[in-house]
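Each chain gets a letter, A, B and so on, in the order its sequence line appears, and its residues count up from 1. The figures that follow rest on heavy atoms only: side chains count, while hydrogens, waters and symmetry mates do not.
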Amino acid sequence: MSTPSLYLNQLNVEQRSAVQRTEGPVLILAGAGSGKTRTLVYRIAHLVRSAQVDPGRIVAVTFTNKAAMEMRERVREFAGDEAKRVTISTFHSLGARILREHGVKLGLPRKFAIYSAADQMGALKSACSEISIDDDSFDLKRVMRQISDWKTRGLAPVEAVKHVASEQARGNRSDDYAVLSADAYGLYEEMLRACGAVDFDDLLLLTVRLLREDEMVRQALWKRWHYFMIDEYQDTNAVQLEMARILAGPRRNLCVVGDDDQSIYAFRGADVANILEFERHFPGTTVVKLEHNYRSTQRILAAANAIISGNRHRHAKTLRTGNPIGPLLDLWTHDTDVAEAEGVAREIQVRRMTRKMRWEEFAVLYRTNPQSRVLEEALRAQNIPYRVVGGTSFFERKEVVDCLAYLRTVVAAEDEIALRRIINWPTRGIGRTTVLKVAAMAREQRIQFARLLDVIGADDVGAASSAAITAFRKQLDEARGSLAAAEAAAAMPPPAQEHGFPPLAAWADAFFKSLAIEDALRSDHRDRTVETRIENVRDVVGTIARYERKVWSEAGTDDWEPPSMSDALARLTLAEMDEDEEDLEQGGVTLMTLHSAKGLEFSDVFIVGLEEGILPHARSLTGEGADEYGDPLAEERRLLYVGVTRAMNRLGLSYCLSRRRGGSATATMPSRYLEEIPADLVEIRDTGTTLTPEESTTLQSNFFSGIKEMLAD
DNA sequence: CCAGGGGTCCTTTTT
DNA sequence: GGACCCCTGG
């Protein structure tokens, strides 16, 4: 691996001293492939090794667990074991940690649950049924997005209501969804709190609220943490900016690194202004610009520069590289998405043979997750090993969500959302009608759903249902008893020689078996997906086992606590237990979305599906939401820029003339961004489409504008 | 009132 | 492929 210090040779004396300096705000504006993260790692290593700074005082914040893990490794490589005490964490994990310690002051239970997408929707649905808008005429996902949007901007329910009202007063088109969402927001929050839960956005929002309101907490954290570093700063939203600002405190030792051209998360509230106006937010900032690209060939870089120059409103910078000019970029046209996938697979085979490349050196990038399927099929057909990064994450699979809901129900009886999710799965004679009746009664009597189950009888729901409820309650009670025993066992140091699962995992395994989860899956699904689903359930148990071992391996560090089921659930939800060992070891061609690719690099990159409606995505073409987040087409362009700059040596681009979407094939047009790539950088590769010779000639001679006209007919 | 089968949508990007 | 809804049979 090339070393950070090597990269810093490019820094002039002032820049280098800025990066090494121990006081005041620093902004590192860095282009793609310029060694951004390495610079941060270097700064951390310098602080640690200079021996002026206690490593325990340093915090580095990333956006993904993957990035955190990687940074952790690199920092250790550079600064040795001392660096273990540096806190390297995602924004959300950091928030969770602060709330775990101090959340009581906001009325949160010490062991709050963290809701991810599926549970959020459950809570919203339940909340909306209270204002009788649970019918199908409203798209609850859209309501959820709106609520999440307010949360990332730091608005509380009352403020959201005011905001909507003032928008209407100003005569803006009245939006039913905005009004509805504002009402739903408050109820949704109440539901979450009643369940003892917070959602992802709360991990940031509540942390900021706590920090703002509580001087004692601020002081405590300022005492603990003195240095803050933030990676990918261009992706911070309003709440994250506030969190950074408060945590940095009067010391203002905040060093951020980012690239406005790689801002691709406006859809979830990220605001490029945060990086563009950093100097205004933190007066006295030293700015370091990194414009040298160490990653890509000249041609790839030229293409990237050409693409991104189509965007206005950016910190103009032109990346330069001392790398070789490199081969031309490839452009393929295919008839169908299936042919496109096969073409990529073939090309990978050929290059691996002729250039003796390893599978790991290839990546295939796409705009949307479902696009991975055709690619997977093609790769499998040619026996090419691959790994899909991201996608429908493990913890969003239905059977996994259900299993976690079981665990949460046992851990926290007040978690109505979890309880209702699993109350009749596997089916046990507590049907929809009964559940609705109990829910209605609970609301009338203003008591918790779970508490009502304890006292409900045959008079209320009939003999059969009542008996089923009693049996189920007994089952849960027993599980709570055995979990308490397992947690006690888990708090004892594990034996040197381990056999079987550690206590919590063993308990979960036995619990799932007693519920006959596998039988239920088998009868629910007659298809071949059964085995995968069963495997997923076993993976839940395996993940808990991994969690326990990991916690014990960290025993003795600052504020260590023994493993507990609630902590396991929190870490699982935050996906901190994702990735890890096995996933990294598993080699093969990498398949992922352009979003997931940020921060990574590969020798050979293929970007597929360069079509209107895919990239740029159809949703960015409607003009909807354009005012709020800036130009969606500019963000799509940055997305392509990110993809292009992942490639070190070779870049392949492709699109097809027809693509299966849903069930039927639809004709597609090449992406507008293709036109922005200078033609002399590109070689058009023949792929045997069914174009007529004339059309083919047009394509060859007139590249993009030609085919666009052709397809416009 | 409950369970199971068949039909019908839909699919941006993520912590 | 998958999640969800509605309908039917028990």
What is the nucleic acid contact for [X], judged by heavy atoms within less than 4.0 Å: base, sugar-phosphate only, or nothing?
| X | value |
| --- | --- |
| A:Arg533 | sugar-phosphate |
| A:Ser116 | nothing |
| A:Ser523 | nothing |
| A:Arg145 | nothing |
| A:Phe91 | nothing |
| A:Ser93 | nothing |

Practice problem: Locate the shortest heavy-atom distance separating A:Arg420 from A:Ala439; write the atom from each residue and the value. | Solution: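 In this case the closest contact between A:Arg420 and A:Ala439 is NH1-CB, 3.7 Å.
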Would you mind reading off the distance between [X] atom [atom1] and [N] atom [atom2], rounded to a whole angstrom?
| X | N | atom1 | atom2 | result |
| --- | --- | --- | --- | --- |
| A:Glu396 | B:dT14 | CD | C1' | 9 Å |
| A:Asn237 | B:dT15 | CG | P | 14 Å |
| A:Glu611 | B:dT11 | CD | P | 20 Å |
| A:Arg432 | B:dC1 | CZ | P | 11 Å |
| A:Arg421 | C:dA3 | CZ | P | 11 Å |
| A:Ile114 | B:dT15 | CD1 | P | 14 Å |
| A:Glu612 | B:dT12 | CD | P | 17 Å |
| A:Leu640 | B:dT12 | CG | C1' | 16 Å |

Quiz item: Between residues 364-380 of chain A and DNA chain B, which residues have a heavy-atom gap below 4.0 Å?
Solution: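 Output list: A:Arg367, A:Thr368, A:Asn369, A:Pro370.
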Quiz item: Without hydrogens or angle criteria, can the side chains of A:Glu242 and A:Gln240 be said to hold a donor-acceptor pair below 3.5 Å?
Solution: no
Quiz item: Using a distance-only test with no angle check, is there a side-chain donor-acceptor pair under 3.5 angstrom linking A:Thr236 and A:Asn274?
Solution: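 The criterion, which ignores hydrogens and geometry beyond distance, is satisfied for A:Asn274 and A:Thr236.
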Compare side-chain N and O positions of [X] against OP1 and OP2 of [N] and report whether any pair is under 4.0 Å apart.
| X | N | value |
| --- | --- | --- |
| A:Thr593 | B:dT14 | yes |
| A:Thr434 | B:dC1 | no |
| A:Lys437 | B:dC1 | yes |
| A:Ser465 | B:dC2 | yes |

Quiz item: Relative to the 5' end of DNA chain B, which residue comes earlier, A:His595 or A:Asn424, by the nucleotide with the nearest heavy atom?
Solution: A:Asn424
Exercise. Assign each of A:Glu636 and A:Gly431 to its nearest nucleotide of DNA chain B by heavy atoms, then name whichever residue's nucleotide is nearer the 5' end.
Key: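 Mapping each residue to its closest nucleotide by heavy atoms, the 5'-most match is A:Gly431.
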Side chain of [X] - closest among [options]:
| X | options | result |
| --- | --- | --- |
| A:Arg619 | C:dC5, B:dT12, B:dC1 | B:dT12 |
| A:Thr427 | B:dT11, B:dA3, B:dC2 | B:dA3 |
| A:Thr64 | B:dA3, B:dC1, B:dT15 | B:dT15 |
| A:Lys398 | B:dT15, B:dC2, C:dC4 | C:dC4 |

Is the closest side-chain heavy-atom distance between [X] and [Y] below 4.5 Å?
| X | Y | value |
| --- | --- | --- |
| A:Val256 | A:Phe228 | no |
| A:Glu518 | A:Val537 | no |
| A:Glu535 | A:Glu531 | no |

Exercise. Give me the one residue out of A:Leu615, A:Leu594, A:Leu375 that meets side chain to side chain contact (heavy atoms under 4.5 Å, CB included) with A:Tyr366.
Key: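 The option that passes is A:Leu375.
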Quiz item: Taking the six-membered ring of A:Tyr547, is the NZ or CZ of A:Arg571 close enough (under 6.0 Å from the centre) and on axis enough (within 45°)?
Solution: no
Practice problem: Run the ring-centre check on A:Phe267 versus A:His617 and record whether the distance is less than 6.0 Å. | Solution: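 Between A:Phe267 and A:His617, the centre distance exceeds or equals 6.0 Å.
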